[in-house]
Amino acid sequence: MTARSRPAAHPRTVQGLLAREHAEVRHHLDHLRAIADAAPSEEPLRLRNKLDAVLSFLHNGLLPHMDVEEQSLYAAVDRLAEGPHSGAAMVLDHGAIRALVADVDRVSSGLRAKEETAELQRLLFVLEAVARLHVDKEEELYRPALKRLPSKVRAEIAAQLRAHAVTHGHERWGFSDHPRP
């Protein structure tokens, strides 16, 4: 069963919270891809305006969420004897995603020429592909393993995900127990 065909988990469980966040990340990655597809025909200022919502999500949603995963999720699951033991590799993915977001920021802040638009388009395509692959790996390696954690550890991770969502205002992105409007 692939990550895309996996049935949705209950939103109040840590597995459900993670699945919900991944669905939201994929939604934003779809938007990012659409912006990348349209980039060559957009005026630089319009392109930058279209990027603002995606960049806001990346900075205020995805990047802080990756910190929470590094601090709690990967370590807990990798302590399992039958865990994926891929935390270090997942952190490397996060580093690549952070670097790509910084590159997108740098290029998008100075869009003036078609060459800069082409570079931005390239970066958006790469960011979308790396982030999508990373989410798929989490779905395949980590989300199923969460059910093997002791219930107390699952509850602690779920509480950290919820606290993170509230602290960073992610309710609007679906990172809470409340459904997205």
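In this structure the side chain of L63 never reaches within 4.5 angstrom of the side chain of D67, judged on heavy atoms. Put simply, the side chain of D52 reaches to within 4.5 Å of the side chain of R48, judged on heavy atoms. Under the 4.5 Å side-chain criterion, counting only non-hydrogen atoms from C-beta, R132 is in contact with R26. The shortest side-chain heavy-atom distance between L17 and R162 falls under the 4.5 Å cut-off.
Between R122 and D103, no side-chain nitrogen of the basic residue sits less than 4.0 Å from a carboxylate oxygen of the acidic one, so the salt-bridge criterion is not met. Between E70 and R98 there is a salt bridge, since at least one side-chain N of the basic residue sits less than 4.0 Å from a carboxylate O of the acidic one. Under a 4.0 Å N-O distance rule, the pair D37/R33 qualifies as a salt bridge.
To the nearest 0.5 angstrom, L73 atom CG is 8.5 Å from M90 atom CE. To the nearest 0.5 Å, atoms CG (N60) and NE2 (H65) are separated by 14.5 Å. For the atom pair CD of E128 and CG of L133, the computed distance is 10.5 Å after rounding to the nearest 0.5 Å. Taken to the nearest 0.5 Å, the CG atom of L32 stands 7.5 Å off from the CG atom of L51. Taken from CG in L18 to CD1 in I157, the straight-line distance is 9.5 Å, to the nearest 0.5 Å. Residue F125 holds its CZ atom at 11.5 Å from CD1 of I35, rounded to the nearest 0.5 Å.
Pairing each heavy atom of E140 with each of P144, the nearest pair is O-CG, 3.6 Å. When every heavy atom of A145 is checked against every heavy atom of V77, the shortest pair comes out as CB-CG1, 3.5 Å. Nearest heavy-atom pair across L62 and V25 is CD1-CG2, 4.0 Å. Minimum interatomic distance between P84 and D78 (heavy atoms only, all atoms of both residues): CG-OD1, 3.7 Å.
Side-chain atoms of T13 come within 3.5 Å of backbone atoms of G16 as a donor-acceptor pair (strictly under, hydrogens ignored). At least one donor-acceptor pair under 3.5 Å links the side chain of Q121 to the backbone N or O of A36. A side-chain donor-acceptor contact under 3.5 Å links S109 to the backbone of R106.
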Going through the checks in order, is the ring pair (Phe, Tyr, Trp, His ring centres under 6.0 Å) test met by H94 and Y74? CA-CA 12 Å; H94 284 177; Y74 299 154; 5.5 Å; yes

Between Q160 and Q71, does the side-chain contact (heavy atoms from CB on, under 4.5 Å) criterion hold? Intermediate values first, please. CA-CA 10 Å; Q160 288 173 341; Q71 296 163 9; over 6 Å; no

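For residues 147-158, the set of pairs meeting the side-chain hydrogen bond (donor to acceptor under 3.5 Å, both in side chains) definition, not counting sequence neighbours, comprises E82-R148.
Partner of V104 under the side chain to side chain contact (heavy atoms under 4.5 Å, CB included) criterion, chosen from L55, L58, V126: L55.
The aromatic rings of F57 and H28 sit parallel to each other, their planes meeting at less than 30°, with 60° as the upper class boundary.
Cluster annotation: L141 is not connected to L92 through the hydrophobic network of ILVMFWY side chains, with a link wherever side-chain heavy atoms come within less than 4.5 Å.
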